[in-house]
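In each ligand, atom 1 is the first atom listed, and ligand 1 is the first ligand listed. Scope of the values below: all heavy atoms of this structure, side chains included, with no hydrogens, waters or symmetry mates.
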Amino acid sequence: MTRYTGLIERYRSRLPVSADTRIISLGEGNTPLIQLQNIPKLIGKDVTIYVKFEGLNPTGSFKDRGMTMAVTKAVEAGSQAIICASTGNTSAAAAAYAVRAGIKAFVLIPEGKIALGKLAQTLMYDAKIIQINGNFDKGMALVKEVAELAPVTIVNSINPFRIEGQKTAAFEIVDELGFAPDFHCLPVGNAGNITAYWKGYKEYATERVCGNRPVMCGYQAAGAAPFVAGHAIENPETLATAIRIGNPQSWDLAWAVQKESGGWFDKFSDEQILAAQKMLSQFEGVFCEPASATSLAGALHDISTGKIPEGSTIVCTLTGNGIKDPEIAMKQCADTQPVTIEADLDAVKRAILDVL
Ligand SMILES: *Cc1c(COP(=O)(O)O)cnc(C)c1O
């Protein structure tokens, strides 16, 4: 048994590193694939649903998979600084891996539209935070421009090494199940992740590690659904801030995924997304952030209409940890605030018997 030291070491032969490459890792990847037990019973459908809980990565989102590769390659190329635009999780991951590597991280974030936990993390990791009066799309455009003028490496998912790192999540799923699922559902913002999973599944299928490839289902928030509209959205709005993106950078790649896999895009309201987030917490003990629950909201919808037929095996990616967005969680639980009682045995006994 060798100690687990991150996804680059585990999948070294399938990633662009050499024996001399200095690997920048925090032990990311190897996240649990949890089979849902209560929700399938609740909906009364014969389906097998797994959630790939990416919220258990070192900085709490799947962005760590891409960042270990992107920062490893930036350092290998001699870069002293990285930069990204972010809705929060990319900035947290970039900041953490930059610290690990001993280089600087600059992050552009939309002022007031970042979940509290993500901001706190990024501050703690000591990144140079630049808040802008504008959304992610504006920040992304600025990052591309400034990277032409300053010695900084972009670590958004337009950096191809991000995709290489993120494709390993598909490898892990196949390695664990022994096959690819029938359907793979995930939230779509910039569409880097759906592109990465598909690349991973395709590589394994081509090399006959598995005999099948999944249908890829990309789900968006109703107020930020360019793939459903068929064009960029000027002012994207959703409480699921991680996918509050109107002009996805991997536009063409994601359409190719949809066509090649026979999949589809769809959109769901913030209410549907929050309901799925609550459901996962209260029935399965899995607390993901709002954007992440879009994958389950979509899967449940498509199961109910039969678009995803009974008998299917489905994997939903839960992209980030629920602890990242405590404000939304507290709002979700506004009617179930804790009871306060006197600190004596009788009162505690009564409080327990009240519930049982
Ligand atoms: C980044 C992110 C997404 C969107 O992923 P894309 O690759 O941009 O489509 C979804 N959920 C969470 C929690 C994220 O951090």
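- Residue-level proximity to ligand 1 for I243 is carried by the side chain, the only part with a heavy atom below 4.0 angstrom.
- Here the heavy atom of the protein found nearest to atom 8 (O) of ligand 1 is N190 N, 2.8 Å.
- Taking any N or O of A291, backbone or side chain, none lies under 3.5 Å from an N or O belonging to ligand 1.
- F268 and A297 get closest at one heavy-atom pair: CE2-O, 4.3 Å.
- Going from atom CD of E289 over to atom OG1 of T294 covers 9.5 Å, rounded to the nearest 0.5 Å.
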Practice problem: Would you sort out whether Q121 and K324 count as a side-chain hydrogen bond (donor to acceptor under 3.5 Å, both in side chains), showing the intermediate values? | Solution: CA-CA 9 Å; Q121 282 181 288; K324 285 186 174 263; 2.7 Å; yes
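- With respect to C185, the side chain to side chain contact (heavy atoms under 4.5 Å, CB included) criterion is satisfied by exactly one of L296, I308, T317, I194: I308.
- Not a single donor-acceptor pair under 3.5 Å links the side chain of S295 to the backbone N or O of C316.
- For ligand 1 and E289, the ligand atoms under 4.0 Å from any heavy atom of the residue are 13 (C).
- Less than 4.0 angstrom separates some heavy atom of F62 from each of these atoms of ligand 1: 1 (C), 2 (C), 3 (C), 5 (O), 7 (O), 14 (C).
- Near K63, meaning under 4.0 Å from any of its heavy atoms, are these atoms of ligand 1: 1 (C), 2 (C), 3 (C), 14 (C), 15 (O).
- Atoms of ligand 1 found under 4.0 Å from any heavy atom of G192 (numbered from 1 in listed order, with element): 6 (P), 7 (O), 9 (O).
- If you run side-chain hydrogen bond (donor to acceptor under 3.5 Å, both in side chains) between R14 and each of E203, E207, E164, only E207 comes through.
- At least one N or O atom of N193 sits closer than 3.5 Å to an N or O atom of ligand 1.
- Protein heavy atom in closest approach to atom 11 (N) of ligand 1: T319 OG1, 2.7 Å.
- Here's the thing with A191: one of its N/O atoms is less than 3.5 angstrom from an N/O atom of ligand 1.
- Formation of a donor-acceptor pair under 3.5 Å by the N89 side chain with backbone atoms of S61 is not found in this model.
- Between S292 and ligand 1, a contact under 3.5 Å exists for no N or O pair.
- For a threshold of 3.5 Å applied to N or O pairs, the pair formed by Q166 and ligand 1 contains no separation below that value.
- Residue Y97 holds its OH atom at 9.0 Å from OG1 of T72, rounded to the nearest 0.5 Å.
- Remark: K128 fails to qualify as a cation-pi partner of F106 under the 6.0 Å distance and 45° angle criteria applied to the six-membered ring.
- Interface atoms of ligand 1 facing V188, defined by a heavy-atom separation under 4.0 Å, are 9 (O).
- Heavy-atom separations between S157 and ligand 1 are all 4.0 Å or longer.
- Any N or O atom pair closer than 3.5 Å counts here, and N89 shares at least one such pair with ligand 1.
- Centroid-to-centroid, the aromatic rings of F265 and Y219 stay 6.0 Å apart or farther.
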